[in-house]
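Structure record follows, encoded as structure tokens.
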Amino acid sequence: MVVSGAAGACGSVAGQIGRLEGCSRVVGICGTDEKCSILVSEMGFDAAINYKKGNVAEQLHKLCPAGVDVYFDNVGGDISDAVINQMNQNSHIILCGQISQYNKDVPYPPPLPPAVEEIRKARNITRERFLVLNYMDKHEASILQLCQWIKEGKLKVKETVVKGLENIGGAFQSMMTGGNTGKQIVLISE
């Protein structure tokens with residue numbers, strides 16, 4: 001399993017759930033060495049790639065020599081193209097977010113470049129949007145499972161906290177540019 005945006009709220013939990021549900025190897029992609037270290041030392045990822053350093057495709061090839069079966073996609077763009085190029089036959093993309101595409105005038109989900117779309121089709125790679133509202137019938141059971149994993153120490157949740165409602169704009173901007181680890185929170189009261 002490969003997770004992009006792996007040090008954010010969704011990605012960090014998705015990778016841990018992947019491990020808990022049987023993925024034999026979980027690799028995260030994020031934007032700082034510190035975040036990579038947190039993913040491996042605290043969150044149970046096998047490895048992490050700082051996409052701002054080196055070639056993501058080369059690093060993925062070394063870390064996933066047997067290819068990728070599951071990709072939890074939070075970012076889209078060049079990073080996703082590199083992961084899809086290394087995906088196995090009949091693998092699966094879970095499309096959670098596309099942060100690299102948010103300020104572009106493209107449909108959602110954004111189309112893949114023709115060469116990458118050809119790979120996706122040739123390898124029978126599914127690409128489905130993950131919308132929590134499509135799983136409302138599983139909400140209660142999911143909350144109970146997540147809480148149990150947290151209580152047991154099997155699931156760790158990180159937060160980046162900024163104090164004061166007056167700082168909401170800066171907190172949002174920081175979140176959108178990768179300044180947070182885990183969930184970005186604006187604390188308005190103790």
Side-chain angles (χ1 to χ4, degrees), residues 1-21 26-54 56 71-80 83 94-110 129-136 138-190:
M1 178 180 193
V2 173
V3 180
S4 59
C10 291
S12 62
V13 171
Q16 292 177 82
I17 291 172
R19 165 70 76 215
L20 289 165
E21 291 294 310
V26 179
V27 175
I29 302 173
C30 56
T32 70
D33 290 341
E34 179 185 7
K35 289 178 181 182
C36 288
S37 178
I38 288 169
L39 290 175
V40 173
S41 66
E42 297 179 33
M43 303 274 186
F45 284 64
D46 294 288
I49 297 169
N50 179 346
Y51 72 87
K52 294 179 181 177
K53 290 185 172 181
V56 172
Y71 174 39
F72 193 86
D73 185 2
N74 280 303
V75 301
D78 293 340
I79 290 172
S80 291
V83 176
I94 302 161
L95 192 61
C96 183
Q98 298 285 275
I99 196 165
S100 72
Q101 308 299 302
Y102 286 170
N103 292 326
K104 296 180 179 177
D105 188 21
V106 294
Y108 191 86
R129 294 171 67 179
F130 176 75
L131 298 170
V132 72
L133 295 176
N134 290 346
Y135 300 93
M136 292 310 293
K138 298 179 181 184
H139 181 262
E140 187 176 335
S142 298
I143 294 295
L144 290 172
Q145 180 63 77
L146 292 170
C147 289
Q148 184 65 36
W149 282 334
I150 291 169
K151 287 178 189 174
E152 294 171 351
K154 294 178 179 177
L155 182 66
K156 299 189 174 57
V157 180
K158 299 291 274 182
E159 296 176 342
T160 299
V161 179
V162 174
K163 293 183 179 180
L165 194 56
E166 68 276 8
N167 294 312
I168 197 167
F172 182 78
Q173 184 177 13
S174 178
M175 177 194 64
M176 294 301 285
T177 56
N180 61 299
T181 300
K183 186 74 167 170
Q184 177 68 62
I185 300 213
V186 177
L187 182 66
I188 59 171
S189 173
E190 294 290 338

Tell me if a side-chain donor or acceptor on Asp46 pairs with a main-chain N or O of Val27 at a distance below 3.5 Å. no

Listing, residues 178-190 side-chain donor-acceptor contacts under 3.5 Å, not counting sequence neighbours, or none:
residue : atom : partner : partner atom : Å
Asn180  : ND2  : Gly182  : O            : 2.6
Gln184  : NE2  : Thr160  : O            : 3.2

Contacts satisfying salt bridge (Lys or Arg N to Asp or Glu O under 4.0 Å) that involve residues 29-43 (not counting sequence neighbours) are Asp33-Lys53, Glu42-Lys158

Quick check for you: to the nearest 0.5 Å, what is the distance between [X] atom [atom1] and [Y] atom [atom2]?
X	Y	atom1	atom2	answer
Gln145	Glu21	CD	CD	7.0 Å
Lys138	Ile143	NZ	CD1	14.5 Å
Asn74	Cys30	CG	SG	11.5 Å
Ile17	Cys10	CD1	SG	9.5 Å
Met43	Gln16	CE	CD	5.0 Å
Phe45	Ser37	CZ	OG	13.0 Å

Do you know the tightest heavy-atom contact between [X] and [Y]?
X	Y	answer
Ile29	Tyr51	CG2-CB, 3.9 Å
Val162	Ala171	CG2-CB, 4.2 Å
Met1	Ala14	CE-O, 3.6 Å
Pro110	Gln98	CG-OE1, 3.4 Å

In terms of heavy-atom contacts, does [atom1] of [X] have more than 12 from other residues, nucleotides or ligands at under 6.0 Å?
X	atom1	result
Glu140	CD	no
Glu166	CD	yes
Asn167	CG	yes

Exercise for the section: Would you mind reporting whether Val3 and Leu39 have side-chain heavy atoms less than 4.5 Å apart? Expected result: no

side-chain contact (heavy atoms from CB on, under 4.5 Å) test vs Asp73 passes for just one of Ser4, Cys96, Pro109, namely Ser4

